[in-house]
Every structure is written in C-alpha cells, then in structure tokens.
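A short write-up of the structure that comes next.
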Amino acid sequence: MYGLKMGLRSLLYRKKQYLSLFLVCTVGVGISLFCLFLVEGMLNSLEAKAKLYYGGDFTFIGGQNELTFPNVDDFIEKLTPVFPSGSVVSSRFDFDADYSSFYFEGIEARQRVIKGIDFSKEMKLFQGFNYLEGNPLKMAGSNGVLLSEPIAETLGVQVGDSITFLLKTIKGYTNTVVLEVHGIFRDSSLFGMYTSYMDISCLRKSYDVAQTWANRICIDFPADFKITQERVENFQTQLEQKFTMFPLVDDKEIFYESLLNKRFSEPHYALVDLYANLEDLKVLIDAMKIVATFVILILMVIIMVGVSSTYRVIVMKRINEIGIYKAIGMNRMGIFSVLLSETSLLILVGCVAGIIFSWILCGGISLFSFSFIPAFDIFLVDGKLLPKISFLQSVLISVLVYVTTTFAVLFSVQKSVRMTPVDALGVTE
C-alpha cells in the first residue's frame, strides 16, 4: 500500500515526463480495439446477410443426381428432432434465374437468383432486413416479392406496384406471373442486388413443380445456441442414422462435384454450415482477421517497447533517488513495488483512456456512408460501418498490454535497481 502511494505521488509529480507514455498507451490500445471492433462488426454484417441469403446457420441438401426433396415435409419431420429446441427448420426453393426477368412498364431487370421462402417459418429472419419501403409481414401465401433497392430503382417501382415475372417452367414453357412488390430492401451486395425473395408456394406454382417439392432445407438455431465442432459432429452422427450422409466438408463444392457428376448410386445428403457456403469469401475473411491481428500485435509491440525504453531513461535520471531509497533501508523488492505501482497506474489509466478513444472512433466511423465503394455492401449496415464493441475484448487487450508492458519495464530497469547505494548516489545526471 505504501509503495502504491509513493508510486501515485511520483506519477503526479512527474506528470509531464509521463505524458508521452500515457499518449502512446492510449493511442495504441484505442487503435488496436478500434481495428478489432471494426473487423468484428464487418464480419457480423457479412454473417447476418449470409444468414438471410442461405436461410440460417446450416443447410441440408442432397439427392442422387441433383438437389431435390420430392416430399420435403417428410424430411423436415425427420430433421427437426435432431436439432436443439427452438430451431427453425424450413424448406426453400432456390431458383436459378439466368433466363428470367422482371418487367415494369417496358423496363427489364435481370435476376441471378429467385429464392422461394417459407415465410410462415422464416418471418423473424426476414424482419432483420433493412427495408427502404414495406415489410415481409404479408408475404406468406401471397404473390408478393421483396426486391433490392438497385433493382427497384432500375424498374422504377414502389411498394404496392405490380410487376411481371417472366420465366421458363420446368417443362421448358415460358410463363408470366404478376407479382406485387411488398418490400424494397437496402442491399446491393453480392447477396442482395440480383436476388429477390418470393413465397415458396408462389414460386413452385410459377415454375410448375409440386407444392411438396424443394431443393434446400435450412436450419436456423436460437440466438443463444453456441455452435461447436463437437455439437456439429453430434448432429452428423444422428443424421447418419436416418440418411445416407456425405462427410462434413468445409466447402459445399466438394459435395456438389460428387452429386452433379453422378457418382452416387443412391441419394446422398450433406449438412453444410454457413461458412462452407462462403468458400469464395474465406480468403477475404481470413485476410481481414490476419491484418487486424497484425495491426494489434504491431501496436502492442510499439506500446511495450516505447513505454519500457522511455521509462528506462526516466529511471536512469532518477538513479540518485533510487540510491536514497536504498540508503534508508528500502530493499530491491520495495523499489520494484514503487516502480511497478507507477507503471500499473500509468498503463491502467492509459488503457481506460484507450477504450474510451476506441469507442469515440467507432462512433465517428458509423456516421459516414461507405456504400459508394463497389462490392463493399456485404460489410455494411444501411450503407454504414457498424463496429461491434465488446467489453470482454476490451478487458483482454488491456490485460495483455498491462502484463507485457509491465514485464518489459521491470526487465529494462532491473540493472538500475541492482546498483549499490554508493554507486547510485555517485551517479551524476
């Protein structure tokens, strides 16, 4: 306690000398946390958009030569008990819309994918969309459609307008269907711009397939359910007792290659997690994490080296003071406790200030729109970057900075502390 008081007094007395160390610690911790929060926020936005696009945390797919569930309700009945209570297990129909278009008053808008959704089950998921106009509340069982903002602007439509959906049926006939715009969502990313959402029954009827047919089953877990490798393997084991299962894969294309090349003598099925659908983005995701980790490590090294080297200079200037401490009977551990108290208080205040600084940076960047950057919308929420602030990560980074910097400081000043009182008092600054 006495060492803490002496350390506090010394810190206040030499506050001008310690100002640079305080700023190094504040800026280093602040920027480290800001980078971490920013990357977490970007990946959180990416995951939220991917969940909407792929229907949740996992996709159950399969067939013999193509993706097909002739009687999808039977499959859902078998799948539901496998997953935790509260999970949403729903059928989907992903329609390849390469030869399909929307028309409104002579204007055409091509689509990449039309997704048939069971809105009676997935309503909660779709309420998370960022809607410019309208909502999905009346989509179930209707001829409604949800369009991205760029497509709506191309067509010049608003909520309530009727558009024409031109497509080829499963038998090769041309069909036209009148759809009503129920919602326009803000998304021009690779998940949203050329993707539209319809009620699955309406899309089945438009494509002329049975109302019991689907080509995907989506599983969305409750928000508080933590996905672990052990649990995923347990799901796989239970599914293997009911279906002929393909091994778990990190990339869904591995399963597709076997399926589409007709390598199966009987229907095979695969449980595909969300990130197995994002193989093309994994390199980008990994790169973002590596860059964030690299920046944090570099800043921590700067804090550690900067504080320890500067503190060593300060201690060298106080060598006579250390000699006096020893002359009056203070042992080496007592001197270390004084120096440790100074360092601890300095780093603690610097980390707290750094956390506040990171929050300011997070709040500042969320005020600006970055939707003008091509293909960047997958990381944006309503066109803005929304960092994901975590108190736990703030504490972990602060503790890491504290421990590494404290040891570096004590290591750098140990030579000065070991000097005898006569040598220390004999040094001229």
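Quantities reported herein were computed from a predicted structural model and do not represent experimental measurements.
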Close aromatic pair by centroid cut-off 6.0 Å: Tyr197 and Phe129: yes
Thr404 vs Met300 side-chain heavy atoms within contact, under 4.5 Å: yes
Backbone of Leu166 reached by a side-chain donor or acceptor of Asn175 within 3.5 Å: no
Contacts of Lys121 that satisfy salt bridge (charged side-chain N to carboxylate O under 4.0 Å, His left out) - sequence neighbours left out: none
Trace of the side-chain contact (heavy atoms from CB on, under 4.5 Å) decision for Leu146 with Met139: CA-CA 9 Å; Leu146 302 178; Met139 285 291 295; 4.0 Å; yes
Residue list, side chain to side chain donor-acceptor pair (under 3.5 Å) with Ser196, at least two apart or on another chain: Gln111
Lys/Arg-Asp/Glu bridge criterion (N-O < 4.0 Å) met for Asp57, Lys51: yes
Whether Tyr207 and Phe93 hold their rings parallel, tilted or perpendicular, with breakpoints at 30° and 60°: tilted
Side-chain touch Met245/Phe60, heavy atoms, less than 4.5 angstrom: yes
Within-4.5 Å side-chain heavy-atom neighbours: Ser87 and Pro222: yes
Side-chain donor-acceptor pair present, Ser162, Glu180, cut-off under 3.5 Å: no
Under the salt bridge (charged side-chain N to carboxylate O under 4.0 Å, His left out) test, residues paired with Glu40 that sit two or more places apart: none
Any side-chain heavy-atom pair of Asn277 and Thr59 under 4.5 Å: yes
Stacked cation flag Lys384 on Phe368, 6.0 angstrom / 45 deg: no
Side chains of Lys138 and His182 in contact at under 4.5 Å (non-hydrogen atoms): yes
Distance under 6.0 Å and angle within 45° of ring axis: Arg231 vs Phe225: yes
Pairwise side-chain contact, Tyr402 with Leu400, heavy-atom cut-off 4.5 Å (strictly under): no
Distance-minimising heavy-atom pair for Leu79 and Leu239: CD2-CD2, 3.3 Å
Distance flag, aromatic centroids of Phe379 and Phe370, threshold under 6.0 Å: no
Short side-chain to backbone donor-acceptor contact, Lys78 and Lys242, under 3.5 Å: no
